[in-house]
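Everything below concerns the one structure shown next.
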Amino acid sequence: MANHLYQYSILSALMNGICREGTTVAKLLTHGDHGLGTISGLNGEIIIVDKEVYHFLPDGNLREVEPTDIIPFAMITRFEPTLTKQPITLNMSTISKELSPLLPASQNSFLSIRVDALFTRVTFRVIPAQSEARESLSELAKRQELHHATHSRGVLVGFWSPGFTSGFSVAGFHLHFLSDDRAQGGHVMEFDAEDVVLRAAAINEYNVEFPASGEFQDEPIGEVLAKDLHAAEGQ
Ligand SMILES: [Zn+2]
C-alpha cells in the first residue's frame, strides 16, 4: 500500500544495544521501496532507494546487500509523493518550511521525504559496529566517524517523525544520503544543496513489527529520553 509506513523493531531497542537479530532484506522489501535502517551488530547504515538496498560500512565502503542479510531496525514505505517542489536551495534549517503545506497540515503524521540534488556539502556518519554484545547506539555514536562530500550529486531518503513517536523513531528528520555514483553515503547530520527536487508525502498508517522472541524479549526495554536519542542520532 502506498504511503503506509512499515517499521521493524524500535529505535529504543538499538539504544539498548538490541541489534543482532532481525528480519531479512528480502522480507523488508515486501513492504516498500523507500527507507532506511541499520544492519546486524549496528555495522553501518542502510538506505533503500527505488527498491535498491545499499549498506554503508564503517570503513567508508559501500556494498549492495544480499537478500539474506539481517536487518535489526528499518523504516520503509512505498513512496508516492503528493508534494513536489523544486526550490533552488535547501538545507537542514529550511527543509521544514519547504515542506509546507504538509508541515504543519500533517504535523502529527509521519512524512516520507526524498531530496534529489547537487549537494554543495553533506555531512554524514556511519555508525561503527558493536565491539561487544548489548553496546548501545549512544556508546557507538561517541566513536562514530563523520564524513563529508562536496559538490556531489545524490539523494536523501528518509522520514520526518512527529514528537509523540520518540522512542519508536527519532522525532524530527531522519535522512540517509547516497551519492549518484554509489560511492558514498550514510546517516545525514547536515547538508546544503542546490538544484533540488524535494518530494514528500504524509503517512497516516503505521505498522510496527516487534521481534516475537530472542534478544528483543530478553529484558524490559524502558523509556529512552528524547535528548539521548537526539544525541545518538545527531539531529
Ligand atoms: Zn540513520
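Each ligand, and each atom within it, is numbered from 1 in the order the structure gives. None of these values were measured; they are calculated from a predicted model.
The Zn ion (ligand 1) has His174 NE2, His176 NE2, His187 ND1 as protein N, O or S atoms under 2.8 Å away.
Here Phe56 pairs with nothing under the ring-ring contact (aromatic ring centres under 6.0 Å, His included) rule; sequence neighbours left out.
A donor-acceptor contact shorter than 3.5 Å links the side chain of Lys51 to the backbone of Leu29. Looking only at distances, a side-chain donor or acceptor of His176 sits under 3.5 Å from a matching main-chain atom of Ile46. Side-chain atoms of Glu215 come within 3.5 Å of backbone N or O of Glu21 as a donor-acceptor pair.
Phe177 has its ring centre less than 6.0 Å from the ring centre of Phe124.
Checking His34 against Thr77 by side-chain atom types alone, no donor-acceptor pair falls below 3.5 Å.
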